[in-house]
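Inspection log for the structure reproduced underneath, given as structure tokens.
Residue indices begin at 1 and follow the sequence shown. Keep in mind that this is a model prediction, so the values were computed, not measured.
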Amino acid sequence: LGVFVWIYRNYKAEFESCRLETVPLDFGDYHPLKPITVTESKTKKVGRKGSTSSTSSSSSSSMIDPLSSVLDGTDPLSVFAATADPVMTTASLDSSRKKRDRDDHSTVGFDFEPWSSKRGEILARYTTTEKLSIVSNLELSYRCKTASSASAVSEKVRTRLEELDDLEEGSQKELLNLTQQDYMNRIEELNQSLKDAWASDQKVKALKIVIQCSKLLSDTTVIQFYPSKFVLITDILDTFGKLVYERILSMCVENRNVLPDHFSPENVNDIAKETCLNWFFKIASIRELIPRFYVEAAILKCNKFLSKIGISECLPRLTCMIRGIGDPLVSVYARAYLCRVGMEVAPHLKESLNKNFFDFLLTFKQIHGDTVQNQLVVQGVEIPLYLTLYSPAIDWILQCVAYHAPEVTEAMLICIIVSYSALLLNSVMSAFRAEFIAMRSMDFIGMIKECDESGFPKHLLFRSLGLNLALADPLEGDRLQILNEAWKVITKLKNPQDYINCAEVWVEYTCRHFTKREVNTVLADVIKHMTPDRAFEDAYPQLHSIIKKVIAYFHDFSVLFSVEKFLPFLDMFQKESVRVEVCKCIMEAFIKHQQEPTKDPVILNALLHVCKTMHDSVNALTLEDEKRMLASLINGFIKMVSFGRDFEQQLSFYVEARSMFCNLEPVLVQLIHSVNQLAMETRKVMKGNHSRKTAAFVRACIAFCFITIPSLVGIFTRLNLYLHSGQVALANQCLSQADAFFKAAVSLVPEVPKMISIDGKMRPSESFLLEFLCNFFSTLLIVPDHPEQGVLFLVRGLLNVIQDYTWEDNSDDKIRIYTNVLHLLSAVSQETYIYHVDKVDSNDNLYGGDAKFLAENNKLCETVVTQILEHLKTLGKDETLKRQSVLALSFFNSILAHGDLRNNKLNQLSVNLWNLAQKHGFADTKTTVNTLEYIKKRSKQPEMSHLTELALRLPLQTRT
């Protein structure tokens with residue numbers, strides 16, 4: 001039966017019947033969003049163990065507040081929001097731990113920069129291309145003895161001492177000609193060997209590895225690599241110290257003598273103490289000074305197990321031990337390590353820190369002695385480079401000395417007294433608080449002028465000063481003089497690398513405190529120094545940093561691009577990858593900080609140039625993620641461009657943008673959406689009544705879209721844009737243009753492939769096609785027929801395309817589409833459509849219920865119904881009964897919603913479909929029960945009494 005008779009739909013009445021019943025509510029004093037106030041009652045209830053619990057009552061609701069037992073009714077998020085300082089919030093939540101830390105001064109605060117933050121910078125800065133050597137220990141056979149007597153224990157101890165002696169007497173081999181990376185890999189292997197040896201209970205082997213590594217710190221044959229070597233070796237020492245401490249601590253736990261957080265030696269059992277002493281005795285037997293010092297310093301914290309004053313006694317002794325190290329570079333790093341360990345275990349012992357610094361000052365003259373000078377001549381190292389090797393160690397020592405010290409300390413005074421040593425002055429500016437340095441900027445400039453430039457370059461001192469001034473502000477009256485004094489020195493630098501390293505720092509100071517005039521002067525000076533001999537090619541990181549600092553302070557892009565030298569500065573980035581990264585930074589800043597749309601020609605011209613640079617970097621090898629990122633930035637710019645009511649200028653901008661960004665599909669998509677939006681804004685301004693001029697303008701917008709869409713690659717992108725643009729054309733009464741869009745969409749449907757790529761994965765396309773076609777049919781309802789075409793010519797054309805499309809064999813999407821077509825044809829048959837486009841006459845107005853139109857519609861409907869029934873019959877033959885059941889029930893629901901079941905043939909068809917859905921037990925019981933209840937409910941409505949008989953004819957079977 002291919003018959004389908006439509007039921008008349010009164011959409012207005014249906015809307016009213018579906019509307020929820022409104023009931024006025026009188027809350028009185030209660031409001032559902034009012035905070036619950038919890039008050040503690042006066043009654044107390046005594047628990048079984050004697051504890052008291054209070055009951056809470058709400059003054060506004062009887063509901064129990066789940067937070068009342070924790071916070072007395074206070075919302076924890078409100079408490080957090082009301083707290084001004086998040087650090088104080090953290091402190092209040094963990095006050096006991098903070099109080100404990102303050103009581104014993106055993107830890108440093110968050111304001112102390114840890115060694116870990118300096119580690120990476122040192123490794124990156126102090127490198128070498130020379131060959132390195134390393135001493136490697138040979139594998140030793142361990143003699144195992146099992147005896148329970150005292151003599152056996154003594155023999156075991158003697159054996160271990162002999163093994164240590166073997167190491168001292170040369171059971172080693174030296175690996176030569178290692179590259180820096182090979183050296184670092186070997187150190188990492190030793191670190192892992194230490195952990196493995198410890199895990200396998202080979203404590204002597206672990207100690208040998210640590211001693212062997214410590215010895216490497218006495219070697220300065222490749223002196224420029226020494227700071228990095230120090231970092232690598234002390235990593236191993238830190239690992240060893242931690243393993244020893246945790247081992248002794250675990251021995252207390254093993255004997256059920258759990259130590260409190262802040263234990264005293266009286267809490268430590270004898271076994272743990274004896275083990276701890278044994279470690280110190282082993283280390284004391286090391287003959288060489290440097291490994292003995294470093295290994296003992298590594299386990300300094302273990303003194304806590306032996307004596308309350310053990311650490312305070314050991315620190316001065318270890319400080320004095322360093323005096324025996326002759327090489328000033330080796331000794332200063334030994335002092336840095338001792339200060340580091342000291343700050344970790346006893347930061348309150350300032351005497352040791354100060355003593356280390358004073359001892360260094362006393363030996364500072366050794367730097368200029370014959371021994372060091374001869375060594376530098378042999379290695380070909382200049383004195384300025386050599387002095388920079390001291391910086392990490394001195395910076396660290398001074399940081400420890402300056403931590404929580406008075407503003408004017410003895411260290412500061414001595415630095416001034418010792419002939420204004422540039423090296424020490426640089427370390428002072430690196431270690432002291434930025435605020436302290438900034439407030440005395442002019443004093444420091446005076447000291448820098450007095451320094452001898454032959455040893456430590458002055459430009460490094462100005463760079464260190466600039467780093468402080470980037471973090472803290474100097475006195476307002478001194479700011480210009482500071483800049484002039486610094487720039488007088490910086491601009492005279494001949495070496496481009498030295499110049500740019502200083503200029504990079506002082507650009508931030510200039511942006512922070514001055515106007516575009518001063519910034520323009522600085523940028524001009526940078527261009528002047530970096531352009532000759534293409535010096536900028538070796539300074540891209542610093543130049544990139546300058547750009548980021550400038551745009552970080554100039555959020556008004558009209559001001560930024562009015563800086564005369566800004567765009568010439570960008571021209572120095574001639575390496576494409578670097579240039580693109582700079583352009584990304586600029587666009588990210590623009591999108592982040594530009595609050596209002598702009599039409600400023602200076603901004604538009606500059607950013608079009610920037611976006612064009614990003615676009616032109618795209619090629620066949622560009623990754624999809626990179627393309628998406630670039631397109632997103634360009635789209636962000638396009639969205640921020642607005643010429644207000646000058647719509648023609650806006651369209652001209654979009655046309656220019658299309659020609660510039662044709663290789664990025666997401667940008668073209670954005671331009672199409674923007675032009676469509678422009679057409680709708682024109683309609684809004686004209687309130688739908690276009691003049692000749694605005695009608696021509698809207699048609700120009702539509703032509704832009706019609707020309708641009710075919711250039712897109714994504715087929716569903718094209719389909720959806722054809723549909724969307726057609727809707728815009730229809731809304732602007734451009735009926736022929738709308739037909740052109742819809743015809744283009746219909747002709748494109750056969751080209752939809754079976755599989756499409758989504759996020760790099762191939763997926764079936766039918767579900768996406770089904771979604772598009774449903775949206776398309778919804779639009780076709782209001783599209784008026786062309787006077788020279790047949791009835792529903794677009795619908796017929798689309799159905800022909802669907803019929804010819806090759807669907808998957810196991811897919812029912814074609815029938816689902818046909819079912820949706822029935823819904824469309826039902827809506828088309830109504831006297832008044834459910835929705836319209838303003839000032840566009842749809843077919844309900846054009847045909848006015850014409851009998852010929854309805855007859856054509858019915859024929860089309862009968863054809864669709866026949867196709868659906870044929871498919872259901874085919875599913876029965878192919879024994880795909882579950883799919884048949886689901887489709888039959890779906891078709892039944894469509895007839896129930898849109899068909900006139902007073903027609904006997906249609907009524908019988910619906911009963912047949914119901915029986916078919918129930919026939920093989922695949923129908924969902926819950927769905928069928930709900931459907932039957934709905935039919936019975938509707939049968940009680942006026943003019944729906946015929947559904948009562950239908951309900952009686954529908955059997956209900958449960959799934960087996």
Scan the side chains in residues 692-705 for donor-acceptor partners under 3.5 Å anywhere in the protein, sequence neighbours excluded, and list what turns up.
residue, atom, partner, partner atom, Å
Thr694, OG1, His690, ND1, 3.2
Thr694, OG1, Ser691, N, 2.8
Thr694, OG1, Ser691, O, 3.2
Thr694, OG1, Ser691, OG, 3.2

So, using side chain to side chain donor-acceptor pair (under 3.5 Å) as the criterion, who are the partners of [X] when residues are at least two apart?
X      : result
Arg628 : Asp625
Tyr833 : none
Arg883 : Asp812
His836 : Asp844

Would you give the length of the straight line joining atom [atom1] of [X] to atom [atom2] of [Y], rounded to the nearest 0.5 angstrom?
X      : Y      : atom1 : atom2 : answer
Ile782 : Asn845 : CD1   : CG    : 12.0 Å
Leu896 : Trp914 : CG    : CH2   : 9.5 Å
Thr928 : Glu933 : OG1   : CD    : 10.0 Å
Leu887 : Phe891 : CG    : CZ    : 10.5 Å
Glu831 : Asn10  : CD    : CG    : 10.0 Å

side-chain contact (heavy atoms from CB on, under 4.5 Å) involving [X] - partner list, sequence neighbours excluded:
X      : result
Cys662 : none
His786 : Asp739, Glu788, Gln789, Phe793
Asn915 : Val911, Pro955
Lys754 : Tyr805, Thr806, Glu808

Taking all atoms of both residues into account, what is the closest heavy-atom pair of [X] and [Y], and its distance?
X      : Y      : answer
Ala631 : Pro666 : CB-CB, 3.7 Å
Pro764 : Ser767 : O-OG, 4.3 Å
Leu730 : Val783 : CD2-CG2, 4.0 Å

>> Name the residue from Glu949, Arg902, Arg953, His946 that meets the side chain to side chain donor-acceptor pair (under 3.5 Å) definition with Asn907.
In response: Arg953
>> In terms of relative ring orientation, are Phe637 and Phe653 parallel, tilted or perpendicular, with 30° and 60° separating the classes?
In response: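 Because their plane-to-plane angle is over 60°, the rings of Phe637 and Phe653 count as perpendicular.
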> Given the rule in the side-chain hydrogen bond (donor to acceptor under 3.5 Å, both in side chains) test, do Ser674 and Gln670 qualify, once you have shown the distances and angles that lead to the verdict?
Replying inline: CA-CA 6 Å; Ser674 297; Gln670 177 60 47; 3.0 Å; yes
I'd like to know if the side chain of [X] pairs up with that of [Y] as donor and acceptor (distance under 3.5 Å, no hydrogens or angles considered).
X      : Y      : result
Glu16  : Tyr11  : no
Asp900 : Tyr8   : no
Gln908 : Asn912 : yes

>> Salt bridge check, Glu624 against Lys627: does any charged N sit closer than 4.0 Å to a carboxylate O?
In response: yes
> So, Glu856 and Arg796, do they make that salt bridge, N to O below 4.0 Å?
Replying inline: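 A salt bridge links Glu856 with Arg796.
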> Taking only residues two or more places apart in sequence, or in another chain, which ones meet His823 in a ring pair (Phe, Tyr, Trp, His ring centres under 6.0 Å)?
Replying inline: His898
> Can you list every pair that meets side chain to side chain donor-acceptor pair (under 3.5 Å) and has a residue in residues 715-724, with sequence neighbours left out?
Replying inline: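 Pairs touching residues 715-724 that pass the test: Asn676-His724.
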>> Applying side chain to side chain donor-acceptor pair (under 3.5 Å) as the test, list every pair that has at least one member in residues 632-644; sequence neighbours left out.
In response: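 Residue pairs with at least one partner in residues 632-644: there are none.
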> Do the two ring centres, one from Phe776 and one from Phe742, sit under 6.0 Å apart?
Replying inline: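 Judged by ring-centre distance (under 6.0 Å), Phe776 and Phe742 do meet the cut-off.
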> Where the side chain of Gln650 meets the backbone of Phe643, is there a donor-acceptor pair that is under 3.5 Å apart?
Replying inline: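 Checked: pair present.
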